[in-house]
Amino acid sequence: MRQANDALTAESLSDPLTGLGNRRLLAQSWPDLRRQPHLAVILIDLDHFKRINDRYGHAVGDVVLREVAMLIQRLKEPQDMALRWGGEEFLLLLPGLDAQRALALGERIRLAVRAHRFSDPSLNDVQVTCSLGVSHWPLLPTLRERDLGGSIELADFAMYRVKSQGRDATAALVPGAQATPMLLTAPATDIERLVHAGVLHWLAPC
């Protein structure tokens, strides 16, 4: 009975398609994760994934999701947490890494996805790419009591900037020299204005 309960618990914390963790796992793990000095955050979104589903069908789309998840698992460290965040989007939490080092991992993942040849024969001539956004937690030392929401939001802004500039790239958005707790917790209505004011700062892979 105990083994059955443990199996049910594990299933409830993982995505049934990819085997990665889900949002419930993050919520359960957050009390332990927040004890880390800092975490890097990577959001990964597959480019033009709807076209794959529309052209080849959802079964083939599922192959792409499973094999991208496999690549992420292979490239991350054992202590890193990989989640299916929703649809064709994945979230990586990297204990002990800053945004610059996370950018390097993001680039390795991006290039691995770009080079991967998928097992479904209908995808023989299809190249899948992804766009990645990076940030870190806590945004400032004085914001350690905050959850990951603000950090994920900055990673999301970075990812959508990549999308708007042609996709298939990695960028990071982090607090700048003029960042204050008040500015970082206010609604972000104009990212580029905040970057110009030194509140936020873009990073690109070295």
Side-chain angles (χ1 to χ4, degrees), residues 13 20-45 72-73 75-87 89-110 130-165 167-206:
L13 300 176
L20 300 181
N22 57 22
R23 291 174 185 249
R24 190 178 291 113
L25 176 63
L26 176 56
Q28 185 182 93
S29 305
W30 179 239
D32 291 329
L33 284 171
R34 70 186 306 159
R35 295 192 184 101
Q36 297 287 333
H38 52 271
L39 301 165
V41 176
I42 303 178
L43 270 178
I44 306 164
D45 188 81
I72 293 170
Q73 289 277 42
L75 289 168
K76 77 176 187 64
E77 296 296 331
Q79 69 271 19
D80 299 338
M81 178 177 288
L83 310 171
R84 185 179 179 196
W85 199 235
E89 197 168 73
F90 303 90
L91 177 68
L92 265 174
L93 302 177
L94 315 170
L97 259 63
D98 59 21
Q100 193 67 63
R101 291 170 64 198
L103 274 170
L105 174 60
E107 276 294 276
R108 291 199 298 274
I109 292 171
R110 183 184 70 83
C130 58
S131 299
L132 298 91
V134 177
S135 194
H136 62 70
W137 175 92
L139 294 177
L140 291 174
T142 53
L143 293 175
R144 287 192 61 84
E145 76 281 1
R146 298 274 176 164
D147 64 16
L148 282 167
S151 302
I152 292 173
E153 184 179 25
L154 290 190
D156 197 50
F157 280 125
M159 184 183 72
Y160 276 98
R161 188 201 202 202
V162 168
K163 293 276 191 186
S164 71
Q165 295 184 344
R167 299 179 169 83
D168 189 21
T170 308
L173 186 59
V174 297
Q178 302 304 314
T180 67
M182 181 179 295
L183 289 171
L184 288 177
T185 53
T189 55
D190 186 347
I191 292 297
E192 292 305 329
R193 180 178 61 81
L194 294 175
V195 170
H196 183 72
V199 176
L200 297 174
H201 177 62
W202 289 110
L203 295 175
C206 295

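On a predicted model such as this, the values are computed, not experimentally measured, just so you know.
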Check: L184 and L139 side chains under 4.5 Å, non-hydrogen atoms = yes
Is R146 close to T185 at the side-chain level, that is, under 4.5 Å between some pair of heavy atoms?
-> yes
Under 3.5 Å donor-acceptor, R144 side chain and P37 backbone = yes
If we only count heavy atoms from C-beta on, is the S135 to I152 side-chain gap below 4.5 Å?
-> no
Are L200 and I191 side-chain neighbours, meaning at least one heavy-atom pair lies under 4.5 Å?
-> yes
Return yes if some donor-acceptor pair links the side-chain N/O of R110 with the main-chain N/O of D168 below 3.5 Å, else return no.
-> yes
Determine whether R101 and L94 make a side-chain contact, defined as any pair of heavy atoms from C-beta on separated by less than 4.5 Å.
-> no
Would a 4.5 Å heavy-atom cut-off, applied to side chains only, mark L93 and K76 as touching?
-> no
Under 3.5 Å: donor-acceptor pair, side chain of H38, backbone of G96 = yes
Answer yes or no: is there a donor N or O on one side and an acceptor on the other, between the side chain of R34 and the main chain of E145, under 3.5 Å?
-> yes
How about M159 and V162: do any of their side-chain heavy atoms sit closer than 4.5 Å?
-> no
Hey, is the main chain of G87 close enough, under 3.5 Å, to the side chain of R84 for a donor-acceptor pair?
-> yes
Any donor-acceptor pair under 3.5 Å linking the side chain of T170 with the backbone of L132?
-> no
In this structure, OG of S131 is separated from NZ of K163 (nearest 0.5 Å) by 4.0 Å
Does W85 have R23 sitting over its ring (NZ/CZ under 6.0 Å from centre, angle to axis within 45°)?
-> yes
Can you check whether L203's main-chain N or O pairs, donor with acceptor, with H201's side chain at less than 3.5 Å?
-> no
Six-ring centre of W202, R161 cation under 6.0 angstrom, axis tolerance 45° = yes
Side chains of I109 and L92 in contact at under 4.5 Å (non-hydrogen atoms) | yes
Taking the side chain from D80 and the backbone from E77, do they hold a donor-acceptor pair closer than 3.5 Å?
-> yes
